[in-house]
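First comes the structure, then the notes that go with it.
Note that the structure is predicted; figures quoted are calculated from it, not measured.
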Amino acid sequence: MSGNPTGDQVGGPVNGPAVSREEFDALFASVRTWGRWAAADRGAWNRVTVRHARGATAAVRDGTVVPLARPWDTRPGPDNTKPALHYMSDLGDVQAPEPSVYKDFLGADYHGKGVTHLDALSHVAYRGRLYDGRAAREVVDAAGARFGAVSTLGALVTRGVLVDLPAALGVEWLEPGRAVHARDLLAAEEALGVTVGDGDAVLLRSGALRRRREVGPWNPDGASAGWHVHAVPLLAERAVALLGGDGDSDVRPSPVEGLHSPVHTLAVTAMGVPLLDNLDLEALSAACAAAGRYAFLLVVAPLNVPGGTGSPVNPVAVL
């Protein structure tokens, strides 16, 4: 019923090894892409060209469409401390009688664990600096972000790659707190027959939602499977455009002293790589297994929110 009870399929500390701030800062400098693109607030999405879109579209075979967003969750829980809002604002009794119309309201404090969302480049600063070295206090205020806003990203159409680690390892899920290393990515590529490349969107499945459905909810701020910072140089070398997962990409507890979201920091702030958090990858895992391939067309269309640090989103994979 459960995955590996220790969460440590490859040996060593589950979320480790520990990383000092000095080592982290050296890693940050080694993967930083500041100054690379004229359209700096699009970051790594500058890598994705019409060639990538055409290639991903041409690779579609049977046309299977798989939405990747979790349901809009209005129920509080240990993994949803700020529930989304949904209520009816018109039950056919506000406007003139015919035709009767029905309206509802949606709202969310979406940068959490309950809503599938995209993190834009204005979302994460390190040592006071956003991506490209912009001083956060100079470009983000109560009115929103004037650099790195989600509205500047536009839609992304590229090849998605599902790094389905439970499938590759022969387990049902990764236990919360299990770090994913570069060796895991290499092993998954071999097992799944896919290679991460330039301009790809890399989606990491830990099986968190399957575990939640079978075992129950828990607080992912305290423990969740995700990338270890030592895996990031390989992702940088592969020139990825987007990272996402059924968690928020970071292993928790953080292995870096004094830094709660080190992979967010490396991806968004150093590399300019937006993040997709809280995806539902269970249907995609089944579809990829049935098709025998783990690459697909991925479409990500965030809301056009001027000044927004991100957006709720429903990415779509097409096989």
Side-chain angles (χ1 to χ4, degrees), residues 42-45 47-48 52 56 66-70 110-121 123-124 150 153-167 173-174 180 184-185 188-189 192 194 196-210 220 224-228 231-232 234-236 238-252 261-269 271-285 287-288 294-303 309-319:
R42 297 191 74 245
W45 282 21
R47 290 192 171 112
V48 180
H52 295 87
V66 186
L68 305 181
R70 299 185 188 184
Y110 60 87
H111 282 300
K113 309 300 184 184
V115 177
T116 301
H117 67 272
L118 178 76
D119 291 341
L121 301 189
H123 177 51
V124 182
V150 70
L153 288 174
L156 181 74
V157 179
T158 193
R159 188 178 82 139
V161 174
L162 179 64
V163 179
D164 194 339
L165 266 187
W173 56 72
L174 306 183
V180 176
D184 295 308
L185 173 57
E189 288 180 322
L192 304 175
V194 67
V196 171
D198 169 66
D200 282 349
V202 179
L203 308 183
L204 174 64
R205 176 177 175 261
S206 69
L209 286 186
R210 179 171 179 178
S224 60
W227 296 106
H228 189 278
V232 174
L234 178 58
L235 294 166
R238 299 293 184 85
V240 302
L242 175 69
L243 290 178
D246 52 11
D248 70 356
S249 291
D250 268 285
V251 66
R252 300 183 189 282
S261 300
V263 172
H264 272 64
T265 306
L266 293 175
V268 176
T269 315
M271 297 163 56
V273 174
L275 297 179
L276 281 174
D277 293 348
N278 312 322
L279 297 169
D280 185 341
L281 298 175
E282 296 307 294
L284 181 60
S285 173
C288 287
Y294 286 81
F296 41 85
L297 169 67
L298 182 71
V299 180
V300 182
L303 299 176
T309 63
S311 166
V313 68
N314 183 17
V316 176
V318 186
L319 282 76

Next on the checklist: L235 vs W227, test: side chain to side chain contact (heavy atoms under 4.5 Å, CB included). Steps then yes/no.
Outcome noted: CA-CA 10 Å; L235 294 166; W227 296 106; 4.1 Å; yes

Checklist entry - Between L68 and L298, is a side chain to side chain contact (heavy atoms under 4.5 Å, CB included) present by the stated rule, with each step listed? => result CA-CA 10 Å; L68 305 181; L298 182 71; 3.8 Å; yes

Next on the checklist: Let's go through N278 and Y110 carefully: what are the C-alpha distance in whole Å and the side-chain angles of both, what is the deciding distance for side chain to side chain contact (heavy atoms under 4.5 Å, CB included) to 0.1 Å, and is it a yes or a no?
Outcome noted: CA-CA 10 Å; N278 312 322; Y110 60 87; over 6 Å; no

Item to check | Worked verdict on V48 versus L242 for side chain to side chain contact (heavy atoms under 4.5 Å, CB included) | outcome: CA-CA 10 Å; V48 180; L242 175 69; over 6 Å; no

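A search for salt bridge (charged side-chain N to carboxylate O under 4.0 Å, His left out) contacts involving D164 returns R205, not counting sequence neighbours. Residues satisfying the side-chain hydrogen bond (donor to acceptor under 3.5 Å, both in side chains) criterion with R70, sequence neighbours excluded, are absent altogether. Partners of S206 according to the side-chain hydrogen bond (donor to acceptor under 3.5 Å, both in side chains) rule, which considers only residues two or more places apart in sequence or in another chain, are D246. Residues satisfying the salt bridge (charged side-chain N to carboxylate O under 4.0 Å, His left out) criterion with D200, sequence neighbours excluded, are R159. With sequence neighbours left out, the ring-ring contact (aromatic ring centres under 6.0 Å, His included) criterion links H123 to H111. Remark: D198 pairs with R47, R51, H52, A239 by the side-chain contact (heavy atoms from CB on, under 4.5 Å) rule, at least two apart or across chains. Remark: L266 engages F24, L27, F28, V31, V229, V232 in a side-chain contact (heavy atoms from CB on, under 4.5 Å) (not counting sequence neighbours). Remark: A188 engages V163, L165, A168, L192 in a side-chain contact (heavy atoms from CB on, under 4.5 Å) (not counting sequence neighbours). Scored by the salt bridge (charged side-chain N to carboxylate O under 4.0 Å, His left out) test, R42 finds no partners at all (sequence neighbours excluded). Qualifying side-chain contact (heavy atoms from CB on, under 4.5 Å) partners for V318, counting only residues two or more places apart in sequence or in other chains: V60, V65, L297, V316.
L303 approaches S311 most closely through the heavy-atom pair N-OG, 2.9 Å. The two residues L204 and G226 come nearest to each other via the heavy atoms CD2-CA, 4.2 Å. Across all non-hydrogen atoms, the minimal contact from D280 to A283 is OD1-N, 4.4 Å. Closest non-hydrogen pair, L174 versus A225, comes out as CB-CB, 3.9 Å. G272 and P274 get closest at one heavy-atom pair: O-CD, 3.3 Å. Summarising the geometry of S285 relative to L162, their closest heavy-atom pair is CA-CD2, 3.8 Å, with the distance given to 0.1 Å.
Counting heavy atoms from C-beta on, the side chains of L284 and F296 come closer than 4.5 Å. Using a 4.5 Å heavy-atom threshold, the side chains of P302 and H117 count as separate.
With values rounded to the nearest 0.5 angstrom, L153 atom CG is found 6.0 Å from L121 atom CG. Atom CG of L156 sits about 8.5 Å away from atom CG of L276, to the nearest 0.5 Å. One distance of note links OG1 of T309 with CG of L118; it measures 10.0 Å at 0.5 Å rounding. A distance of 5.5 Å separates CG in L243 from OG in S249, rounded to the nearest 0.5 Å. Here the straight-line distance linking atom CG of L319 with atom SG of C288 works out to 5.0 Å at 0.5 Å rounding.
Side-chain atoms of D248 and H264 include no donor-acceptor pair closer than 3.5 Å.
A donor-acceptor pair under 3.5 Å links the side-chain atoms of W45 to the main chain of A241, judged by distance alone. Using a distance-only test at 3.5 Å, with no hydrogens or angles considered, no donor-acceptor pair links the side chain of T116 to the main chain of A69.
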